[in-house]
Each structure stands twice: as structure tokens, then as C-alpha cells.
Amino acid sequence: MKFANLVQSMVLSKDTDDFTLPGQQQREAARRFEHMFRGQGLYLWGSKPKDPHRKLIVIGVSTASLLDMELMDELAASSRLWILNGVRVEAFNVYYFQTLREFEQRIPGLGKVYQTPVVGVCEKGEWTTRATGHSARKFIEDFIRDLPAEMPRRGANPPLGEPKVRA
Amino acid sequence: MATMGDTEPSVSPVVINIGGEGEIVGALNVNLPHLQDPDWRCSRDGSLTLADLQAQGHVFMFVPDMSQLPFADASVDIIHTNNVCIDAIAYLGPCPRSSEIWRVRKSGGIWYRDGILQEPP
């Protein structure tokens, strides 16, 4: 199942329609979110890493946002490549957040958050990138786009440079 | 008294976009005052300020609390909410309540929840 399937568009127009449905559906989406990580290559924030990695990307999304859930699907679809590149991606759901301090606990120095997603990158224990809203979305999209298509094989020849001239 | 040939005055439907950032043309965007912060930017492109959106013709109404809508009972024809938490409390404060949407909606009015989505450019 895709993350985007957690968000359902709804049109409520009849006087008999149950207007509490969208809220109920969002609460259900938030509950299901945490059970969707198995086999996706993604981890819930705070889970203990078992495999070594050289870069940690922490992403905070809202399960009430279709755009955020689509971004999660894009991330999951490229997981093989970033895992091969030594990247670990952990995600958390901001749906239950009631204070900005909760963001700060997960991505120190993030600052004001007006919109989701939020992103932090930690390399060798240092937080090197922090972004929210559109810039965070663009960061993730660029990250996925710039992943090398395949990992270089061990012992493979280096890329060809200028042809060497034999003496 | 209307006679044959007279045209009924056209009344535009009242359309509001709760949590809106101008993604629905013609809707009154009901949002929190933080859109007026100097470092706030529209989530669609990351660069447009509130002034930019207003210059494009988008109209905003700011409310201190999204859980209470400043509209009379049964006064709104169409309500949009996109990527907005409903019936919850979020980090930006109380979210829109379905009971309020029900209250302000005219009989037969429509609530589009994520019906027209914000597409990044």
C-alpha cells in the first residue's frame, strides 16, 4: 500500500453527510502510518540503527497532507539507491505535534515551522541541513534525482578522463 | 416587482478556503496571522510572500483560532480544505472543526476536502 492512499479526497454536500468523516479518516491515517514502514527501506524516527550509515536524513510529514504522503512514496521508491549510498532515512508524523518544541527534539535548530514537510540531515553527528515547507520538499526531490543510478562496482575502473599519450 | 424580461441579480456564491494560500482562485482564504510574518512564504513555490499573493488578487482573512470561523450560520456555499488537519490540535494551534464547517455551510453547500490539491509548480 502507498502512503498516498492514506489521504482520501472527499466531497461532502448532502445535509445527511457525516461531516466528522474527514477528521476520523485523518486519525485513522495517523494510526496506520506507523505500520507502513516494513519493507519500504524507511525507518520511523527514533528506531535504533542496526546497519552502519554515513548520512542520516530525518523527514517530518503530516499524514493529513497528500503532498507529504506522495513525497514519502517517492522516497520509498528510491530506497534501494540511497541505502546503497549509505543513507538512512527516518520519518516522523507531525499530526500529533502540539508544540514547535517537538520538531526541535527531532531536528535541532530547525526554527520556525509554518509548513510541512520538514527535513534535517545529520552527517558524522553534525546537522548540516535543515529545511521546512517548499525548500524541504525540493531538498528531498533533488536528493532523489541526484542519486547515482547504480553504485560503482568495487575495483571497477575509474571514469575515463583525458586519453593518456604514450611516450 | 419583477416583470418578464427582467434579469435576476446574480449573486456570487460565497467560497472560502480554510488554511488557504491562494491555490483556489476566487476563494476567500481563511488563515492564521503568521502568514504576515516577514519570513513566511507560500508553500507552493517557496518564494511568494503574502503581499505577492495579495497583489495577484488573492484575498485573505486572518483569524486567531482556526477552530472558530467568523461567519454566520448557513452563510457559505463552498468550503475548501487542502492538506489541513480537521478536528485536531496541531503545532500551529487548534485546527478547523467539522462542526464549525457544518454550522457555516448553507443547506446544500459543499465541502471539498482535498478536492483541489496544491500542486507544486
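Every chain is numbered from 1 and lettered A, B, ... according to where its sequence line falls, protein lines coming before strand lines. All figures in this text were calculated on a predicted structure; none of them were measured in a lab.
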Point to revise | Side chain, backbone, both or neither of A/Arg27 within contact of chain B (heavy atoms, under 4.5 Å) | key: side chain

Check your understanding: Under 6.0 Å from the CD atom of A/Glu126, do we count more than 12 heavy atoms belonging to anything else shown?
Key -> no

Review point. Non-hydrogen atoms of chain A under 4.5 Å away: do they reach the side chain of B/Arg41, the backbone, both or neither?
Key: backbone

Practice item. Please report the closest heavy-atom contact between A/Pro22 and B/Ile86, naming both atoms and the distance. Key: CB-CG1, 4.5 Å

Check your understanding: Can you name the nearest heavy-atom pair linking B/Cys85 to A/Tyr95, along with the distance?
Key -> SG-CD1, 3.7 Å

Review point. Of all of A/Gln25, A/Lys138, A/Gln24, which one pairs up most often with chain B through heavy atoms under 4.5 Å apart?
Key: A/Gln25

Practice item. Verify the cluster assignment for B/Ile18 and B/Val15: are they in a single hydrophobic cluster under the rule of side-chain heavy atoms below 4.5 Å apart? Key: no

Point to revise | Contacting moiety of A/Glu102, where chain B heavy atoms sit under 4.5 Å | key: neither

Check your understanding: Picking from B/Ile101, B/Leu32, B/Val84, B/Ile78, which has the most non-hydrogen pairs under 4.5 angstrom with chain A?
Key -> B/Val84

Check your understanding: Is it true that atom CZ of A/Arg101 has more than 12 heavy atoms of other residues, nucleotides or ligands lying nearer than 6.0 Å?
Key -> no

Revision key, fill the gap. Closest heavy-atom pair, A/Gln98 versus B/Ile89, reported as atoms and distance to 0.1 Å, is CG-O, 3.8 Å

Exercise for review: For the residue pair B/Tyr91 and A/Phe103, categorise the inter-ring angle as parallel (less than 30°), tilted (30 to 60°) or perpendicular (more than 60°).
Suggested key: perpendicular

Study note, to complete from the structure: Separation between CG (A/Asp18) and OG (B/Ser98), nearest 0.5 Å, reads 8.0 Å

Practice item. Go through the atoms of A/Thr116 and report whether side chain, backbone, both or neither lie under 4.5 Å from a heavy atom of chain B. Key: both

Check your understanding: Does NZ in B/Lys106 sit with more than 12 non-hydrogen atoms of other residues, nucleotides or ligands closer than 6.0 Å?
Key -> yes

Check your understanding: Cluster question for you: counting only ILVMFWY and a side-chain heavy-atom cut-off of under 4.5 Å, with indirect links fine, are B/Met61 and B/Ile24 together?
Key -> no

**Study point:** Which atoms of A/Asp17 approach chain B - backbone, side chain, both or neither, heavy atom under 4.5 Å
**Key:** backbone

Exercise for review: With rounding to the nearest 0.5 Å, note down the distance linking CG in A/Asp15 to CH2 in B/Trp102.
Suggested key: 5.0 Å

**Study point:** Under 4.5 Å from any heavy atom of chain B - which part of A/Thr99
**Key:** backbone

Review point. Taking all atoms of both residues into account, what is the closest heavy-atom pair of A/Ser65 and B/Asn83, and its distance?
Key: CA-OD1, 3.4 Å

**Study point:** CA sep, side-chain torsions, deciding dist, call: A/Leu12, B/Arg113, side chain to side chain contact (heavy atoms under 4.5 Å, CB included)
**Key:** CA-CA 8 Å; A/Leu12 302 169; B/Arg113 181 257 164 132; 6.0 Å; no

Review point. Rounded to the nearest 0.5 Å, what separation is found between the CD atom of A/Gln115 and the CZ atom of B/Arg44?
Key: 10.5 Å

Point to revise | A/Lys112 portion near chain B, given a 4.5 angstrom heavy-atom threshold | key: side chain

Review point. Can you get from A/Leu44 to A/Val89 by hopping between Ile, Leu, Val, Met, Phe, Trp and Tyr side chains that sit under 4.5 Å apart?
Key: yes

Point to revise | Cluster link A/Ile57 to A/Met72, ILVMFWY, side chain under 4.5 Å | key: yes

Exercise for review: Determine the option with the most heavy-atom pairs under 4.5 angstrom with chain A, choosing from B/Asp87, B/Ile79, B/Leu92, B/Asp37.
Suggested key: B/Asp37

Check your understanding: Linking I/L/V/M/F/W/Y whenever their side-chain heavy atoms sit closer than 4.5 Å, directly or via other members, would A/Leu81 and A/Ile144 fall into one cluster?
Key -> yes

Exercise for review: May I have the step-by-step check of side chain to side chain contact (heavy atoms under 4.5 Å, CB included) for B/Asp39 and A/Tyr114, ending in yes or no?
Suggested key: CA-CA 10 Å; B/Asp39 48 356; A/Tyr114 296 117; 3.0 Å; yes

Check your understanding: Can any side-chain N or O of B/Asp114 pair as donor or acceptor with the backbone N or O of A/Met10 at less than 3.5 Å?
Key -> no

